[in-house]
Amino acid sequence: VPAPWVQAHGHAQLLGWVGAFIIGISLYMLPKLRSGRLRSPAAGWLMWALWSGAIALRWSTGIFEAGWQWAWPAAAGMELLVALLLIWQTWPPGAPARFQLRDWLIEAGFLGLLLTMLVQAQAVWPPPQAPVVPAGINNRMLHLAVWAFCYPVVWGYSAHFLPTLLGLGRPSSRLACIALGLLAAGLPFPWLLPASVLAACWTLR
């Protein structure tokens, strides 16, 4: 299978499916969990349009191997803007005083998304000579997307829902700080990530 197809498909899966789900469920759930309102529903629709358009651009130009020189920087800029808007939309007035453990973990994941989008912007500007992101920076971006973005967000929602669903004890904030520290250290040193996962599981008791 051609490398541009593989990368286009991976981008559409990880950001177009998993990423869109996390963004959508967060815009819907977080205001409800915090007894508040979304800052701007109109900005939410703008986020949907930008994110969907960026995914479509990135996928189609990778599949057809044409137009990536302008489409990839444009798509990366659109996704970066959505990451910034997501933090703005979900950072309520009065935070962090009102934040619970769940909120810190989820917002850490949103910062991870922002970091991932900054690395992506670096990867596509200036545009590559061929419609393929070099392996080194592509692997770095995938690593960040999974561990800095998806993992903390899923962990945060688990800290909210699992105690009720499974009859577990209250999640430990002190252990969560240790697990987050291990996660941050594990981004440049991946051999520490299993320790972060174990600490996160212990956090949830």
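Since we're looking at a predicted model, the values are computed, not measured.
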So, for [X] and [Y], which heavy atoms are closest and what is the spacing to 0.1 Å?
| X | Y | value |
| --- | --- | --- |
| Leu27 | Gly44 | CD1-CA, 4.4 Å |
| Tyr28 | Pro31 | O-CD, 3.9 Å |
| Tyr151 | Ala200 | OH-CB, 3.3 Å |
| Glu65 | Pro2 | OE2-CB, 4.2 Å |
| Trp68 | Pro73 | O-CD, 3.6 Å |
| Pro131 | Pro4 | O-CB, 3.4 Å |

Going by heavy atoms in the side chains, are [X] and [Y] under 4.5 Å from each other?
| X | Y | result |
| --- | --- | --- |
| Met47 | Gln89 | yes |
| Ile22 | Phe110 | yes |
| Val154 | Ser158 | yes |
| Trp88 | Ser40 | yes |
| Ile137 | Val119 | yes |
| Arg205 | Ser172 | yes |
| Val197 | Trp147 | yes |
| Ile106 | Pro152 | no |

Point-to-point distance, once rounded to the nearest 0.5 Å, from [atom1] of [X] to [atom2] of [Y]:
| X | Y | atom1 | atom2 | answer |
| --- | --- | --- | --- | --- |
| Glu79 | Leu81 | CD | CG | 11.0 Å |
| Leu114 | Leu84 | CG | CG | 5.0 Å |
| Thr90 | Leu33 | OG1 | CG | 12.0 Å |
| Leu166 | Leu204 | CG | CG | 9.5 Å |
| Leu57 | His11 | CG | NE2 | 10.5 Å |
| Gln7 | Met141 | CD | CE | 7.5 Å |

State whether the side chain of [X] and the backbone N or O of [Y] hold a donor-acceptor pair below 3.5 Å, judged by distance alone.
| X | Y | result |
| --- | --- | --- |
| Trp59 | Ala12 | no |
| Asn138 | Pro134 | no |
| Asp103 | Gln100 | yes |

Checklist entry - What pairs of residues pass the salt bridge (charged side-chain N to carboxylate O under 4.0 Å, His left out) test when at least one of them lies in residues 104-121, not counting sequence neighbours? => result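 Every pair satisfying salt bridge (charged side-chain N to carboxylate O under 4.0 Å, His left out) with a residue in residues 104-121: Arg34-Glu107.
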
Hey, any chance [X] and [Y] share a hydrophobic cluster, counting ILVMFWY side chains that come within less than 4.5 Å of each other, even indirectly?
| X | Y | result |
| --- | --- | --- |
| Leu80 | Leu15 | yes |
| Leu118 | Ile87 | yes |
| Leu30 | Leu46 | yes |
| Trp17 | Ile23 | yes |

Next on the checklist: Around atom CZ of Phe161, are there more than 12 heavy atoms from other residues, nucleotides or ligands closer than 6.0 Å?
Outcome noted: yes

Checklist entry - More than 12 heavy atoms of other residues, nucleotides or ligands under 6.0 Å from CH2 of Trp202: is that the case? => result no

Item to check | Residues which pass ring pair (Phe, Tyr, Trp, His ring centres under 6.0 Å) with Tyr157, listed by chain and number, not counting sequence neighbours | outcome: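 So Tyr157 forms no ring pair (Phe, Tyr, Trp, His ring centres under 6.0 Å) with any residue.
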
Checklist entry - By ring pair (Phe, Tyr, Trp, His ring centres under 6.0 Å), which residues pair with Trp51, not counting sequence neighbours? => result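 For Trp51, no residue satisfies ring pair (Phe, Tyr, Trp, His ring centres under 6.0 Å) once neighbours in sequence are set aside.
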
Item to check | With sequence neighbours excluded, residues passing side-chain hydrogen bond (donor to acceptor under 3.5 Å, both in side chains) with Trp72 | outcome: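 Residues passing side-chain hydrogen bond (donor to acceptor under 3.5 Å, both in side chains) with Trp72: Thr61.
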
Item to check | Any residue meeting side-chain hydrogen bond (donor to acceptor under 3.5 Å, both in side chains) with His143, in chain and number order, not counting sequence neighbours | outcome: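 So His143 forms no side-chain hydrogen bond (donor to acceptor under 3.5 Å, both in side chains) with any residue.
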
Tell me which donor-acceptor pairs under 3.5 Å the side chains of residues 176-191 have, and how far apart each pair is, sequence neighbours excluded?
none

Checklist entry - Could you go step by step and tell me if Thr203 and Trp155 meet the side-chain contact (heavy atoms from CB on, under 4.5 Å) rule? => result CA-CA 10 Å; Thr203 296; Trp155 179 17; 4.1 Å; yes

Next on the checklist: Test side-chain contact (heavy atoms from CB on, under 4.5 Å) on Cys150 and Leu113; report intermediate values, then the result.
Outcome noted: CA-CA 8 Å; Cys150 297; Leu113 175 63; over 6 Å; no

Item to check | Near-ring test Phe99/Trp91, centroid separation under 6.0 angstrom | outcome: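 Ring centres of Phe99 and Trp91 closer than 6.0 Å.
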
